[in-house]
Amino acid sequence: MDPVTSATFYRVLFERMITRSQLISAKDLEVDGCMFLDMSSGTANGSSMELGECIQNTGFHEDDETEDAVGGDEENRTSTVKMSPGREEDTYTQIKPYAGMPKEVLLLYSVQARYRLPREILFWLTIVCTLALVALTITVIVMSPRCLSWWQSSPVYQIYPRSFKDSDSDGIGDLKGILDKLDHFQYLNIKAIWISPFYKSPMKDFGYDVEDFRDIDPLFGSMQDFDDLLAAMHDKGLKLIMDFIPNHTSDTHQWFNLSSSGHAQYKDYYIWANCNTTHAPNNWVSVFGNSSWTYVEERQQCYYHQFLKEQPDLNFRNPHVRREMTEILRFWLEKGVDGFRMDAVKHILEAKHLRDEPQVDPQQDPDTIDTEFELHHDYTTTQLGLHDILQAWRGEMDVYSREPGRYRFMVAESYDYEETDKTMMYYGTPYVKESDFPFNFYLMDLPTNLTGTGAQGLVNLWMANMPVGKWPNWVVGNHDKPRISSSVGQEYIKVINMLLLTLPGTPTTYYGEEIGMMNINVTIDEIQDPFGKFNPNASRDPQRSPMQWSDGPNSGFSDANHTWLPLHPHHTTVNVEAQQKDSGSVLSQYRALSLLRQAQLPLHRGWMCYIWSDADVFAFLREIDGLDKAFLVVLNFGADSVINLSAITELPEQLTLHMSTKQENYGMPVIKSSIATARGEGLLLEYSTHMRFNPGHASQCFVSEKACYLGVLDILYKC
Ligand code: GLC
Ligand code: MG
């Protein structure tokens with residue numbers, strides 16, 4: 001707008017305002033050649049103007065079509081209009097604001113109390129609300145408990161790849177076979193899958209003897225198959241945990257060849273000591289039996305092996321070896337692997353002095369010592385420096401754990417038997433992280449402790465010794481140990497699965513446990529396991545038989561004429577397909593429990609409190625502070641029984657049967673003074689109460705990742 005048009009515009013506007021209100025009389029305005037709006041500046045956003053201020057108006061247009069309502073006189077067009085001081089308030093309270101009024105006019109209204117007050121109230125309200133929101137956000141962040149990570153919220157499922165599913169009809173399972181079966185995990189609500197080794201290997205220990213840590217054995221597929229499997233797993237929200245085998249390589253690994261020939265760079269990659277063909281450097285024996293030293297003609301020295309002679313131990317005192325292994329870890333982390341099961345970690349270091357280990361029986365003839373149980377392993381296991389190595393790897397993994405949802409999980413494998421404190425050290429310290437948990441193998445002793453009290457004792461062995469704030473886990477089987485349903489009897493497999501899935505912490509499931517698979521019989525000449533060849537009673541073949549998918553040929557495991565180990569004869573009835581159709585099957589109950597564990601706060605985050613144990617029954621409750629819904633788990637490891645829990649005043653008189661491993665009448669009321677279980681039955685009873693049990697019974701109760709529930713907001717908070 002040019003200045004003239006603009007001036008006209010404002011004049012007209014002003015006049016209209018006055019005309020419309022018809023409330024301003026000439027006497028209210030003092031005309032002395034000065035208009036109170038600067039009509040000449042032409043700036044709609046002109047500077048604010050104070051009432052009564054007088055500015056020369058020089059620019060009214062001659063041909064204005066609007067009547068001059070103020071002066072009404074052509075001569076007075078260039079004039080000053082002054083408002084009486086003190087009267088503007090009266091004047092403008094009577095004029096209604098209108099859309100499109102100029103800023104200067106608007107400002108006249110805005111100082112009025114009726115506009116100013118609400119404005120100020122709104123302003124302060126906004127400030128207060130903003131501050132409140134900031135405070136609330138900070139409170140929520142500070143008060144929010146940590147979310148459970150993927151390895152805490154799902155069971156860990158172990159696949160032994162030779163035995164899971166064969167896709168290329170050679171009778172041996174492979175990576176593509178696993179890919180074909182990913183739906184099984186979605187069906188079971190399992191997110192974390194540990195696959196035993198599939199590295200390139202001469203298979204002396206079925207993959208635990210690695211020839212190339214950066215390659216896939218052709219038996220299992222190719223690197224492309226691996227990449228495809230990992231991508232497909234990630235697409236389905238599944239996590240892949242690999243075996244990492246730091247202690248040893250295969251004797252066909254190129255490092256070992258170079259080391260044996262004394263290559264300058266590799267000669268110290270393994271543990272070499274002077275010896276001759278008849279005398280080992282010391283009395284150390286291998287886990288798989290006999291001396292752990294083997295003589296190499298080429299070097300005229302012995303090398304050390306904790307396991308088979310085809311599995312020479314790496315020398316972790318050599319910084320190059322450490323670096324090599326760390327790079328291998330990075331190689332797989334870069335590929336996107338979600339975690340590692342650290343194999344045989346207690347064996348990583350040995351004493352440098354090579355002194356004889358003390359005999360368990362000092363009277364025994366030293367020449368007859370050939371099993372690991374005859375020596376105290378003071379110099380060959382859990383040596384100083386071991387945890388530094390693991391902690392450094394944890395640090396590496398943390399570097400790859402920074403993106404949300406990409407936490408890399410570490411589990412350590414170490415059989416320390418009764419030396420619980422040694423096992424617990426793999427949890428790290430409050431200041432230095434190590435594994436997320438070491439495997440808890442104590443429940444593998446259930447077969448020899450098959451009573452309610454026995455089960456509680458084994459559970460307590462972990463809970464009472466686990467460092468505060470750490471996360472428990474439960475294992476009843478793996479590729480090294482006989483299947484639990486064979487050692488305790490199949491009638492207990494459901495109650496054992498219920499134990500695993502209702503305890504606090506991560507349950508682990510060895511393939512086939514979800515359908516109650518049992519050991520196979522392997523004749524002496526059929527033995528495949530090298531350990532079994534040394535000691536047939538210790539053969540691990542029985543627990544490695546092919547997975548039972550259906551009642552079809554080879555139970556749906558393979559199209560081959562021959563499978564690497566025979567199938568269990570019961571595969572026609574004990575298989576995934578059949579059990580999916582049966583709501584009372586081991587599989588259906590496993591699935592129901594797995595879903596329930598995820599859905600019910602008390603089960604995955606709550607307290608566990610021991611309530612009862614006797615020769616038959618082990619009972620504990622699961623509750624979370626703030627939530628009235630709680631569960632009582634009653635597990636029968638003996639004979640039919642009735643227990644009376646009247647003394648537990650925190651329990652209501654009546655509970656509801658949520659699930660039983662034997663009956664179908666869910667929803668049925670159960671009276672606390674008479675809780676009946678049949679042999680091998682597990683009950684999950686639900687109840688509602690305002691009285692929490694844990695506050696008055698600290699010594700009977702455990703919680704990890706403690707949190708409380710706030711019903712009004714339906715959230716968890718730190719408490
Ligand atoms: C671990 C494995 C076992 C293997 C041994 C040697 O203990 O679980 O199967 O034989 O390490 O690598
Ligand atoms: Mg195959």
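Classification of Asp251 and Lys309 as a salt-bridged pair fails, no side-chain N sitting under 4.0 Å from a carboxylate O. A salt bridge does not link Asp436 to Lys470: none of the charged side-chain nitrogens sits closer than 4.0 Å to a carboxylate oxygen. Salt bridge annotation for Asp338-Arg408: absent, with no cationic side-chain nitrogen under 4.0 angstrom from a carboxylate oxygen. Using a cut-off of 4.0 Å between Lys/Arg side-chain N and Asp/Glu carboxylate O, Glu434 and Arg394 are scored as not salt-bridged. Between Asp529 and Arg540 there is a salt bridge, since at least one side-chain N of the basic residue sits less than 4.0 Å from a carboxylate O of the acidic one. For Asp243 and Arg341, the salt-bridge test passes: some basic side-chain N is under 4.0 Å from an acidic carboxylate O. Under the 4.0 Å criterion applied to side-chain N and carboxylate O atoms, Glu513 and Arg483 are not assigned as salt-bridge partners.
Geometrically, Lys481 engages Tyr415 in a cation-pi contact defined by less than 6.0 Å to the ring centre and at most 45° from the axis.
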Stepwise, does the ring pair (Phe, Tyr, Trp, His ring centres under 6.0 Å) test hold for Phe164 with Phe220?
CA-CA 11 Å; Phe164 197 61; Phe220 295 125; over 10 Å; no
List the steps, then state whether ring pair (Phe, Tyr, Trp, His ring centres under 6.0 Å) holds for Phe441 with Tyr417.
CA-CA 8 Å; Phe441 295 127; Tyr417 302 98; 8.7 Å; no
Would you check, one step at a time, whether the test salt bridge (Lys or Arg N to Asp or Glu O under 4.0 Å) holds for Lys176 with Asp168?
CA-CA 8 Å; Lys176 275 193 178 148; Asp168 60 359; over 6 Å; no
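Using a 4.5 Å cut-off on side-chain heavy atoms (C-beta onward), Phe340 and Met397 make contact. Annotation: side chain of Asp209 is not in contact with side chain of Thr249 (no heavy-atom distance under 4.5 Å).
Atom-to-atom distance recorded for Ile515:CD1 and Asn497:CG is 11.0 Å, nearest 0.5 angstrom. The CZ atom of Phe439 sits 13.0 Å away from atom OG1 of Thr423, with the distance rounded to the nearest 0.5 Å.
Heavy atoms of other residues, nucleotides or ligands lying less than 6.0 angstrom from NE2 of His234 number more than 12. Counting heavy atoms of neighbouring residues, nucleotides and ligands inside a 6.0 Å radius, atom CE of Met425 does not exceed 12 of them.
Exactly one of Tyr511, Trp194, Tyr157 qualifies for a ring-ring contact (aromatic ring centres under 6.0 Å, His included) with Phe185. That residue is Tyr157.
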